[in-house]
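To start, the structure itself, in structure tokens.
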Protein chains: 2
Amino acid sequence: MVMSSDTGVNKKDANRENILKIAQEIFSKYGYKKTTLDDIANAVRKGKSSLYYYFSSKEDLFQAVILKEVEILKRELEKVILRNTDPVEKLRDYILTKLNTYRGLANFYHALENDVTAIEFIDNIKNKYNQEEIRMIKRILIEGVRKNAFDVKDFTLVAIGITTAIKGLEMPLSAGDYGTVNLETGVDNILKILCYGIMKRN
Amino acid sequence: MVMSSDTGVNKKDANRENILKIAQEIFSKYGYKKTTLDDIANAVRKGKSSLYYYFSSKEDLFQAVILKEVEILKRELEKVILRNTDPVEKLRDYILTKLNTYRGLANFYHALENDVTAIEFIDNIKNKYNQEEIRMIKRILIEGVRKNAFDVKDFTLVAIGITTAIKGLEMPLSAGDYGTVNLETGVDNILKILCYGIMKRN
DNA sequence: TGATTTTTGGTATAATTTATTCGAAAAAAT
DNA sequence: ATTTTTTCGAATAAATTATACCAAAAATCA
């Protein structure tokens with residue numbers, strides 16, 4: 001393969017990225033099963049068979065989309081963590097950012113149902129990510145204590161607790177009732193509860 | 001057919017209604033093509049073949065859903081028309097109500113593409129309804145003039161103009177970019193423009 | 001109760017859709 | 001001009017799906 005000399009990215013990679021971006025939109029709208037390669041091919045204005053030049057199969061494309069999505073989420077959350085905000089605010093931002101990005105992933109998950117391999121794949125990612133999540137929450141907690149806002153003894157334990165609470169918030173998204181749930185309200189509710197347990201009383 | 005004596009509605013009709021309601025949700029989420037009878041059957045917790053006891057075909061069911069949707073929209077709009085509000089407010093409410101209900105219809109339309117017969121069917125309804133719309137707008141205008149808020153010479157012409165403007169607002173919905181457009185803002189923009197042309201200056 | 005009507009859903013099938021392959025040709029780069 | 005990259009039409013095999021039929025369950029009635 002020969003690539004253009006000045007730009008580090010070649011055309012193929014650019015095309016891949018474009019396909020990925022559009023595929024993520026369509027997948028997240030219809031879910032895995034209901035999305036056809038024709039849908040994607042039409043949207044990127046290429047022949048269906050051209051997709052196989054970039055990805056070896058529908059599943060391969062799907063996994064690439066998910067992987068990219070996870071990367072984006074990770075970077076987004078890092079940003080929140082590094083922001084210089086009040087600890088509670090930071091916790092709230094973290095959860096909201098996560099849920100909002102998760103909303104995209106949710107629809108993938110939703111229309112998977114039978115497709116065992118795909119579910120397994122996603123579950124693997126989720127588990128892997130779970131560890132990272134706990135670490136991140138921990139950082140927020142530690143910072144909160146240092147700033148004299150939180151009073152936490154066992155960081156790991158509390159971090160796991162909060163992670164669990166977030167999972168609870170994710171549930172309705174996975175289940176697919178979008179319109180019904182108000183994310184912010186849900187988060188604030190959970191936050192209020194969490195804070196009463198965590199906050200240092202004066 | 002023998003029906004229960006006291007209630008006017010029999011069970012079959014109730015089931016039909018239920019199927020209609022659920023089918024509308026699924027159709028409006030995935031569009032006509034991507035919705036399978038299995039989807040609907042599962043959602044109503046019946047066997048797929050049972051649906052044929054209530055509707056003669058997928059298309060039949062689809063048309064019933066649309067027809068019902070149109071009925072609901074019509075009734076909703078009648079209510080707005082009869083409300084005792086400021087004319088501009090009423091116009092705004094009318095348009096917003098229409099667009100919001102239309103959001104549901106939009107997705108049907110969106111995933112129709114090839115299916116010529118279905119498109120024709122919907123277009124027929126749209127045309128038929130268009131006349132009614134003009135009549136309704138006219139009523140709002142007439143009332144507005146009587147209340148000394150509007151200054152309109154040719155009601156029909158202005159009504160057609162407004163109807164056209166509303167179509168413009170519907171477009172992005174038909175095109176399928178939901179998240180992008182803010183209905184209220186769009187409506188208020190159009191309204192502001194419309195009012196400057198219609199309002200009686202003091 | 002037993003008879004009849006309503007409602008359900010399993011199974012079968014024919015038509016359609018869809019993911020994937022292959023190879024050749026257009027486009028771009030060298 | 002030759003090589004490399006990229007595209008896509010056509011073919012296919014597997015899966016999905018709308019629809020038809022029929023028998024049995026459930027509800028209603030007499």
Side-chain angles (χ1 to χ4, degrees), chain A residues 1-20 22-23 26-27 29-65 108 111-118 121, chain B residues 1-20 22-23 26-27 30-65 111-118 121:
Chain A
M1 181 178 61
V2 182
M3 60 164 82
S4 47
S5 41
D6 51 343
T7 65
V9 292
N10 53 25
K11 195 166 174 200
K12 186 168 182 179
D13 279 353
N15 277 342
R16 268 185 71 101
E17 280 308 308
N18 185 241
I19 294 175
L20 240 43
I22 290 181
I26 302 182
F27 273 133
K29 181 166 183 183
Y30 293 125
Y32 181 71
K33 280 193 78 167
K34 283 193 183 294
T35 299
T36 71
L37 289 184
D38 269 317
D39 289 338
I40 298 173
N42 288 340
V44 298
R45 291 163 188 280
K46 285 202 194 313
K48 179 168 47 169
S49 17
S50 295
L51 296 180
Y52 284 86
Y53 181 61
Y54 300 95
F55 302 92
S56 70
S57 70
K58 185 187 179 184
E59 180 142 334
D60 184 37
L61 170 55
F62 179 69
Q63 299 199 351
V65 167
F108 298 147
L112 243 39
E113 303 180 290
N114 336 353
D115 208 308
V116 194
T117 54
F121 171 72
Chain B
M1 181 179 61
V2 181
M3 59 165 82
S4 49
S5 41
D6 52 344
T7 65
V9 293
N10 51 25
K11 195 169 175 198
K12 185 167 182 180
D13 279 353
N15 276 342
R16 267 186 71 103
E17 281 308 309
N18 185 239
I19 295 174
L20 241 42
I22 290 182
I26 301 182
F27 273 133
Y30 294 125
Y32 182 71
K33 280 193 78 166
K34 283 192 183 294
T35 299
T36 71
L37 289 185
D38 269 317
D39 289 337
I40 298 173
N42 288 339
V44 297
R45 290 161 189 282
K46 285 199 195 311
K48 180 168 48 168
S49 20
S50 295
L51 296 180
Y52 283 86
Y53 181 61
Y54 299 95
F55 302 93
S56 70
S57 69
K58 184 186 181 185
E59 180 141 336
D60 184 37
L61 169 55
F62 179 70
Q63 299 199 351
V65 167
L112 243 39
E113 302 180 290
N114 335 357
D115 207 308
V116 194
T117 54
F121 172 71

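Letters go in sequence order (proteins before strands), and every chain restarts at 1. All figures in this text were calculated on a predicted structure; none of them were measured in a lab.
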Query raised in the report: Within the structure, does a side-chain N or O atom of B:Asn15 lie under 4.0 Å from either OP1 or OP2 of C:dT8?
Result: yes

Query raised in the report: Heavy atoms under 4.0 Å, any strand shown: does B:Thr36 hit a base, just sugar-phosphate, or nothing?
Result: sugar-phosphate

Report task. Write down the distance between CZ (B:Arg45) and C1' (C:dG10), rounded to a whole number of angstrom. Result -> 19 Å

**Report entry** Contact nearer the 5' end of DNA chain C, comparing A:Leu37 with B:Tyr53
**Finding:** B:Tyr53

Requested in this report: For B:Lys46 and D:dA24, give me the distance from atom NZ to atom P, rounded to whole Å.
Outcome: 21 Å

Query raised in the report: Atom CG in B:Leu61, atom CG in B:Leu37: separation rounded to 0.5 Å?
Result: 7.0 Å

Query raised in the report: Can you tell which of D:dC8, D:dT16, D:dC21 lies closest to the side chain of A:Lys33?
Result: D:dT16

Requested in this report: Could you state the atom-to-atom distance from CG of A:Leu61 to C1' of C:dA19 in whole Å?
Outcome: 12 Å

Query raised in the report: Please give, in whole Å, the distance from C:dG9 C1' to B:Asn42 CG?
Result: 12 Å

Query raised in the report: When the distance from CG of B:Asp60 to C1' of D:dA18 is rounded to whole Å, what number comes out?
Result: 13 Å

Query raised in the report: Does B:Ser50 put a side-chain nitrogen or oxygen below 4.0 Å from OP1 or OP2 of C:dG9?
Result: yes

Report task. Indicate yes or no: at least one non-hydrogen side-chain atom of B:Val65 is less than 4.5 angstrom from one of B:Tyr32. Result -> no

Report task. Measure up the B:Phe62 and B:Phe27 rings against each other and bin them: parallel (under 30°), tilted (30 to 60°), perpendicular (over 60°). Result -> perpendicular

Requested in this report: Examine distances only and state if a side-chain atom of B:Lys58 and a backbone atom of B:Thr35 form a donor-acceptor pair shorter than 3.5 Å.
Outcome: yes

Query raised in the report: NA contact type, B:Phe55, heavy-atom cut-off 4.0 Å: base, sugar-phosphate, or nothing?
Result: nothing

Query raised in the report: Of the nucleotides D:dA18, C:dT20, D:dT6, which one has an atom closest to the side chain of A:Lys48?
Result: C:dT20

Report summary line: When rounded to whole Å, the OH to C1' distance for the pair A:Tyr54 and D:dC8 reads 12 Å

Query raised in the report: Any side-chain N or O of A:Tyr52 under 4.0 Å from OP1/OP2 of C:dC22?
Result: no

**Report entry** side-chain hydrogen bond (donor to acceptor under 3.5 Å, both in side chains) assessment of A:Asp39 paired with A:Tyr30
**Finding:** CA-CA 10 Å; A:Asp39 289 338; A:Tyr30 293 125; over 6 Å; no

Query raised in the report: Once you round it to whole Å, what is the distance between P of D:dT17 and CG of B:Leu51?
Result: 14 Å

Requested in this report: Check the distance between C:dT18's C1' and B:Lys34's NZ and give it to me in whole angstrom.
Outcome: 11 Å

